[in-house]
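Counting convention: from 1, in listed order, for ligands and their atoms alike.
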Amino acid sequence: MHTTKEMPKTDHRENITESVERGKALWEDNNCIGCHTLIGEGAYFAPELGNVFYRRGAGNHETFKAFMNGWMKAQPLRIPGRRQMPQFNLNDQEIDDLADFLKFTAEMDVNSWPPNIEG
Ligand code: HEC
């Protein structure tokens, strides 16, 4: 009862736009959770992305979209000894949608999880 009452105040569902919805669908269709965690849930192969908006975008929407565009297009980095992320061949609109979804996720009030900026 308490959770149901409190959720609208903490998940900021009023910030869900069509772009956030498209980004969530892309997140699911491409199985990002198969390697990453989001707010602690998922796989432990790759970094937590619940706060990547603050880590790589410094909390700035334009900075983060630019980071995401560069990052997604540069994969795989092929740096020896480092885990690889696949190339998903997403277009600019799709990458923006994913950035908006990750921004939305970062702005949810999840009791400051994860506990540090590096996830
Ligand atoms: C096969 C595993 C795999 C999948 C699937 C995957 N990633 Fe990754 N991702 C990685 C790895 C490994 C890294 C870290 C690479 C590095 O640091 O060189 C990474 C890093 C990232 C980063 C940068 C994180 C940071 O802190 O700098 C972002 C953003 C990201 N992935 C987004 C995504 C999105 C969005 C998807 C789905 C479209 C996705 N990833 C799917 C393996 C994966």
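Ion pairing of E62 with K65 is present here, as a side-chain N (NZ or NE/NH1/NH2) and a carboxylate O approach within less than 4.0 Å.
Residue nearest to atom 33 (C) of ligand 1, selected from R55, R78, E118, M85: M85 (by heavy-atom distance). Of the listed options A46, P47, G57, P47 places a heavy atom closest to atom 14 (C) of ligand 1.
Atom 40 (N) of ligand 1 has H36 NE2, 2.8 Å as its closest protein atom, hydrogens excluded (heavy atom only). Regarding atom 18 (O) of ligand 1, its nearest protein heavy-atom neighbour is R82 NE, 2.6 Å. The nearest protein atom to atom 29 (C) of ligand 1, hydrogens excluded, is given as M68 SD, 3.6 Å; this is a heavy-atom distance. Nearest protein heavy-atom neighbour of atom 22 (C) of ligand 1: W71 NE1, 3.2 Å. The protein atom (non-hydrogen) at minimum distance from atom 24 (C) of ligand 1 is L49 CD2, 3.8 Å. For atom 25 (C) of ligand 1, the nearest protein heavy atom (residue, atom name, distance) is R56 NE, 3.4 Å. Of all protein heavy atoms, the one closest to atom 37 (C) of ligand 1 is C32 SG, 1.8 Å. The protein heavy atom nearest to atom 2 (C) of ligand 1 is C35 SG, 1.9 Å.
Residue L77 has at least one heavy-atom neighbour below 4.0 Å for each of these atoms of ligand 1: 18 (O). Residue R83 has at least one heavy-atom neighbour below 4.0 Å for each of these atoms of ligand 1: 12 (C), 15 (C), 18 (O). Of all atoms in ligand 1, listed by their number and element, those nearer than 4.0 Å to a heavy atom of N30 are 38 (C). Proximity to N31 (heavy-atom distance under 4.0 Å) selects the following atoms of ligand 1: 5 (C).
Residue contacts with ligand 1, taken as heavy atom pairs separated by less than 4.0 Å, do not involve L102 at all. With a 4.0 Å cut-off on non-hydrogen atoms, I79 does not touch ligand 1 at all.
In summary, the side chains of D100 and S19 do present a donor paired with an acceptor at a separation below 3.5 Å, with no hydrogens or angles considered. When only modelled atom types and interatomic distance are considered, N69 and K73 share a side-chain donor-acceptor pair under 3.5 Å.
Heavy atoms of G34 stay at 4.0 angstrom or farther from ligand 1.
Proximity of a side-chain donor or acceptor of E48 to a complementary backbone N or O of G40 within less than 3.5 Å is detected. Judged by distance alone, with hydrogens and angles left aside, the side-chain atoms of H12 form no donor-acceptor pair with the main-chain N or O of M108 at under 3.5 Å. Between the Q75 side chain and the P86 main chain, no donor and acceptor come within less than 3.5 Å of each other. For Q84 (side chain) and R78 (main-chain N/O), a donor-acceptor pair under 3.5 Å exists by modelled atom type. With hydrogens and angles ignored, the 3.5 Å screen pairs a side-chain donor or acceptor of N51 with a backbone N or O of N116.
The local environment of CD in E14 is crowded, with over 12 non-hydrogen atoms from other residues, nucleotides or ligands closer than 6.0 Å. The 12-atom threshold is exceeded at CD of E118, counting heavy atoms of other residues, nucleotides or ligands nearer than 6.0 Å.
At least one test fails for R22 against the ring of F101: distance under 6.0 Å to the centre or angle within 45° of the axis.
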